Amino acid sequence: DVQLVESGGGSVQAGGSLRLSCAASGYTYSSYCLGWFRQAPGKEREGVASISTGDSRTYYADSVKGRFTISQDNAKNTVYLQMNSLKPGDTAIYYCAAHRYDCYAGSWSYVSSYVHWGQGTQVTVS
């Protein structure tokens with residue numbers, strides 16, 4: 001079974017940066033889609049970015065393009081989310097998630113596409 005553990009969250013001033021990490025373990029299959037989602041109080045969980053472990057294809061929400069970068073280190077089984085130029089609107093609990101096979105252009109941002117979820121890490125921008 002796949003287990004995901006997020007880290008790197010915290011509080012930062014607007015314009016600052018944070019780097020989130022998601023350590024994965026228990027991989028059974030060779031190809032997964034790894035995604036970052038976030039959920040603010042009273043809001044639905046939304047997709048932020050995703051990356052395929054196989055072909056490294058990436059996807060981003062329009063709201064974070066140019067500011068956030070998703071990457072992976074296969075040797076460490078870790079996916080990262082580098083967040084720059086943070087805004088108060090980025091405040092949320094950030095979750096990493098995974099599903100088998102590559103990410104799909106039409107569904108990478110859908111919560112229902114993902115099977116495995118981490119516990120989340122809080123990001124607060126003020």
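As the structure is a computational prediction, the values presented were derived from the model and not from experiment.
The minimum heavy-atom distance linking Cys33 with Tyr114 is given by the pair SG-OH, 3.4 Å. What you find for Pro88 and Ala14 is that their closest heavy atoms are CD-CB, 4.2 Å. When every heavy atom of Ala23 is checked against every heavy atom of Thr78, the shortest pair comes out as CA-OG1, 4.1 Å. Closest approach of Leu34 to Ala98, counting heavy atoms only: CD1-CB, 3.6 Å.
A distance-only check finds a donor-acceptor pair linking the side chain of Ser113 to the backbone of Ser107 [under 3.5 Å]. Checked by atom type and distance alone, the side chain of Glu44 never pairs as donor or acceptor with a backbone atom of Gln39 at under 3.5 Å. Within the 3.5 Å criterion, the main-chain N or O of Ala61 finds no donor-acceptor partner in the side chain of Ser63. Glu6 places no side-chain N or O within 3.5 Å of a backbone atom of Thr121 that could act as its donor or acceptor partner.
Under the 4.5 Å side-chain criterion, counting only non-hydrogen atoms from C-beta, Tyr60 is not in contact with Val48. No side-chain heavy atom of Arg38 sits less than 4.5 Å from a side-chain heavy atom of Lys43. Contact check for Val79 versus Cys22: side-chain heavy atoms found under the 4.5 Å cut-off.
In this structure, Trp117 and Tyr95 have perpendicular ring planes: the angle between them is above 60°, well past the 30° mark.
For Glu46, the CD atom is densely surrounded, since the number of other residues' heavy atoms within 6.0 Å is greater than 12.
The residues Asp62 and Lys65 are annotated as salt-bridged, a charged nitrogen and a carboxylate oxygen being separated by less than 4.0 angstrom.
Atom OH in Tyr101 sits 13.5 Å away from atom OG in Ser52 (nearest 0.5 Å). Distance check: Asp90 CG to Leu18 CG gives 9.5 Å after rounding to the nearest 0.5 Å. Atom NE2 of His116 and atom CG of Leu4 lie 7.5 Å apart (nearest 0.5 Å). To the nearest 0.5 Å, the span separating CD1 on Ile93 from OG1 on Thr124 amounts to 9.0 Å. Here CD1 of Ile51 is found 4.0 Å from CD of Gln72. Values are rounded to the nearest 0.5 Å.
Aromatic pair Phe68/Trp36: centroids not less than 6.0 angstrom apart.
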*asked:* Please evaluate residues Gln13 and Ser126 with respect to the criterion side chain to side chain donor-acceptor pair (under 3.5 Å), reporting the C-alpha separation (whole Å), side-chain torsions for both, the decisive distance (0.1 Å), and the verdict.
replied: CA-CA 5 Å; Gln13 293 182 328; Ser126 62; over 6 Å; no
*asked:* Please determine whether side-chain contact (heavy atoms from CB on, under 4.5 Å) holds for the pair Cys103 and Tyr59, giving the CA-CA distance in whole Å, both sets of side-chain angles, and the decisive distance to 0.1 Å.
replied: CA-CA 8 Å; Cys103 303; Tyr59 300 89; 3.6 Å; yes
_side-chain contact (heavy atoms from CB on, under 4.5 Å) between Leu20 and Met83, worked out_ = CA-CA 8 Å; Leu20 306 183; Met83 305 186 295; 3.7 Å; yes
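In the model, Asn84 has a side-chain atom that pairs as donor or acceptor with a side-chain atom of Gln82 under 3.5 Å.
Evaluated for a side-chain contact (heavy atoms from CB on, under 4.5 Å) with Thr91, the options Val12, Val123, Val125 yield exactly one hit, Val125. Asp102 pairs with exactly one of Ser31, Ser56, Ser50 by the side chain to side chain donor-acceptor pair (under 3.5 Å) rule, that one being Ser31.
Grouping the Ile, Leu, Val, Met, Phe, Trp and Tyr side chains by contacts below 4.5 angstrom, directly or via other members, places Tyr104 apart from Tyr32.
Under the 6.0 Å distance and 45° angle rule, Arg57 does not count as a cation-pi partner of Trp108. Cation-pi contact between Arg19 and Tyr80: present, with separation from the ring centre below 6.0 Å and deviation from the ring axis of at most 45°.
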